[in-house]
Protein chains: 2
Amino acid sequence: MQANLREHIEKIISLTDDEFAFVQSHFITKQFSRHEFLITSGQPVKHTYFVISGLIKLIHTDDNAKEHIVAFAMEDWWESDFQAFYKGTKATMSLQCLEDTTVLCLTLDGYNSLCSGLNKMEYFFLKKANAGHIAAQQRILSFLTSNARERYEMLLKRYPSLFQRVPKTQLASYLGVSRETLSRLST
Amino acid sequence: MQANLREHIEKIISLTDDEFAFVQSHFITKQFSRHEFLITSGQPVKHTYFVISGLIKLIHTDDNAKEHIVAFAMEDWWESDFQAFYKGTKATMSLQCLEDTTVLCLTLDGYNSLCSGLNKMEYFFLKKANAGHIAAQQRILSFLTSNARERYEMLLKRYPSLFQRVPKTQLASYLGVSRETLSRLST
DNA sequence: TATTCTTTGTGATGTTTGTCACACCATGAT
DNA sequence: ATCATGGTGTGACAAACATCACAAAGAATA
């Protein structure tokens with residue numbers, strides 16, 4: 001089960017068996033069913049999640065109760081309401097399953113203990129944070145430079161599997177267009 | 001001159017004089033005039049920059065030679081084409097001065113030496129990377145939830161000084177709307 | 001002073017996208 | 001089998017926004 005995690009981490013740093021045992025001791029495994037919430041807006045955020053299998057969405061609900069998808073997370077992705085997680089404040093976003101999902105859970109104490117106990121892990125999280133920053137900036141750029149059709153095509157090219165796994169309504173919400181407009185793009 | 005840097009870093013970690021001397025030794029100061037380029041698209045990216053004074057913009061130029069502003073950076077901000085900087089690849093974006101600007105320059109070797117030589121600095125950069133990720137995600141959210149007027153008002157509320165320092169054409173490019181549309185929002 | 005460049009506003013018009021309404025189909029629950 | 005539910009496509013119309021064109025005011029420069 002946690003082989004995924006080791007393989008994932010070792011793409012960036014190498015670990016001895018003892019070191020991985022130490023890493024592993026900070027995580028607990030949890031399972032969630034489709035539609036279940038890992039994080040609920042307004043509630044405290046106890047964990048950062050590493051997705052073992054399944055698919056989840058990070059969403060923000062606006063004043064008109066309209067839902068906007070800030071991010072998807074699938075196998076080998078880390079996700080949380082990071083702002084709330086690091087600051088210890090209440091969630092402004094929710095994290096919900098699109099499929100039955102298995103995750104590894106890491107608390108903030110666990111995160112800090114990992115970083116201070118095994119310095120390589122701080123380096124690992126630094127790399128991950130930088131990658132997250134760069135990816136988010138690329139998405140900003142797609143809003144600046146591209147219309148709905150182009151953003152849709154870029155998304156499909158980059159993550160073809162989403163097309164199979166996620167209803168188009170959800171893709172529309174991620175792309176920032178209405179369901180109807182997305183439906184009309186195919187032609 | 002580098003007092004800014006020390007104060008900036010000590011908002012997150014504390015440093016002895018010796019430690020700060022070590023940090024300081026990794027930076028060189030450079031001055032650029034308005035319109036000058038710190039990074040040119042297609043060229044190697046030698047540095048990450050810490051802005052001492054002035055104002056710069058991170059831009060991407062699309063196929064139609066239209067310029068899009070990915071980020072502004074003013075006093076106490078870090079900026080670069082991070083993807084190219086960390087990977088050692090050629091820049092896909094440019095970094096250009098909107099005002100006469102003084103920056104501290106850090107090479108990739110310097111960055112790595114800083115992180116390995118003084119562990120607190122790795123922690124510092126981790127915090128900064130996380131903050132960058134969260135800020136970028138907030139901007140994505142503004143594209144998903146808000147129209148041009150709302151994004152404009154949010155920007156002015158958050159960074160009122162930009163309104164004084166930057167022509168509206170540039171603000172429009174940052175917000176992802178045309179100059180004309182922005183001009184008509186005021187009413 | 002004369003002149004060029006930058007910045008900004010604004011009208012006219014077309015394109016893109018959102019919203020509302022309705023229909024159809026598949027799926028799973030009772 | 002029947003019923004609800006969620007996902008999808010599409011027509012009609014309205015709103016938001018882009019583009020093109022032109023004008024005017026201010027800043028920079030010769």
Side-chain angles (χ1 to χ4, degrees), chain A residues 33-37 55-57 59-69 72 96-100 139-156 161-187, chain B residues 33-37 54-57 59-69 72 96-100 140-156 161-187:
Chain A
S33 349
R34 198 159 120 94
H35 298 141
E36 219 176 328
F37 284 86
L55 181 61
I56 57 186
K57 60 177 176 180
I59 59 184
H60 177 264
T61 307
D62 68 19
D63 305 334
N64 307 319
K66 198 169 167 181
E67 171 187 310
H68 303 273
I69 297 186
F72 293 111
Q96 189 181 15
C97 293
L98 289 166
E99 302 174 352
D100 292 352
R139 180 137 166 246
I140 288 170
L141 200 51
S142 79
F143 281 109
L144 293 177
T145 61
S146 307
N147 60 24
R149 159 174 273 117
E150 291 163 336
R151 295 204 301 279
Y152 182 55
E153 284 165 1
M154 287 164 63
L155 180 67
L156 285 193
S161 71
L162 277 184
F163 187 70
Q164 323 294 339
R165 297 169 74 174
V166 178
K168 303 227 168 137
T169 310
Q170 305 287 311
L171 294 182
S173 170
Y174 177 87
L175 291 168
V177 293
S178 70
R179 177 188 73 72
E180 294 91 336
T181 296
L182 186 67
S183 168
R184 284 184 251 259
L185 290 183
S186 324
T187 40
Chain B
S33 344
R34 198 161 121 92
H35 297 143
E36 219 176 331
F37 284 86
L55 182 60
I56 57 186
K57 60 178 177 180
I59 59 183
H60 177 264
T61 307
D62 68 19
D63 304 333
N64 307 318
K66 199 169 166 183
E67 171 186 311
H68 304 273
I69 297 185
F72 292 111
Q96 188 181 15
C97 293
L98 289 166
E99 301 174 354
D100 293 350
I140 288 169
L141 201 51
S142 79
F143 281 109
L144 293 177
T145 60
S146 306
N147 61 23
R149 158 173 274 116
E150 290 163 336
R151 295 204 301 279
Y152 183 55
E153 283 165 0
M154 286 164 64
L155 180 66
L156 284 192
S161 71
L162 277 183
F163 186 69
Q164 324 293 339
R165 298 170 73 175
V166 179
K168 304 229 169 135
T169 309
Q170 306 287 312
L171 294 181
S173 169
Y174 177 86
L175 292 169
V177 292
S178 70
R179 179 188 73 74
E180 294 92 334
T181 297
L182 185 68
S183 168
R184 283 184 251 258
L185 290 183
S186 322
T187 39

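Each chain gets a letter, A, B and so on, in the order its sequence line appears, and its residues count up from 1.
Atom CD in A/Glu36 sits 12.0 Å away from atom CD1 in A/Ile56 (nearest 0.5 Å). Distance check: A/Asn147 CG to A/Leu175 CG gives 11.0 Å after rounding to the nearest 0.5 Å. The line from OG1 of A/Thr145 to NE2 of B/His68 is 5.5 Å long, rounded to the nearest 0.5 Å.
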How does protein reach along nucleotides 12-30 of chain C, written 5' to 3' as B (base within reach of a heavy atom under 4.0 Å), S (only sugar-phosphate), or - (no contact)?
-> B----SBBBB---------

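The side chain of B/Lys168 lies closest to C/dT8 when the candidates are D/dT8, C/dT8, D/dG9.
In this structure, A/Gln164 places its CD atom 12 Å from P of D/dT8, rounding to the nearest Å. With rounding to whole Å, A/Glu67 atom CD is found 15 Å from D/dG7 atom C1'. Here the P atom of nucleotide D/dA18 and the CG atom of B/Asn64 are 15 Å apart, to the nearest Å. In this structure, the CZ atom of B/Phe163 is 13 Å from the C1' atom of C/dT7, given to the nearest Å. Atom NE2 of B/His68 and atom P of D/dA18 are 11 Å apart (whole Å).
One finds a side-chain N or O of A/Thr169 lying less than 4.0 angstrom from the OP1 or OP2 phosphate oxygen of D/dT8.
Counting heavy atoms from C-beta outward, A/Leu144 and B/His60 have side chains that stay 4.5 Å or more apart. The shortest distance between side-chain heavy atoms of B/Leu155 and B/Phe163 does not fall below 4.5 Å.
The cationic atom of A/Arg139 (NZ for Lys, CZ for Arg) lies less than 6.0 Å from the six-membered ring centre of A/Tyr174 and within 45° of the ring axis.
Between the side chain of B/Gln96 and the main chain of B/His35, a donor-acceptor pair closer than 3.5 Å is present.
Comparing the end axes of the helix from C/dT1-D/dA30 to C/dT30-D/dA1, each fitted to five base pairs by superposing C1' atoms of four pairs onto the next four, gives an inter-axis angle of 40° (nearest 10 degrees).
Atom CZ of B/Arg34 sits in a sparse spot, with 12 or fewer heavy atoms from other residues, nucleotides or ligands closer than 6.0 Å.
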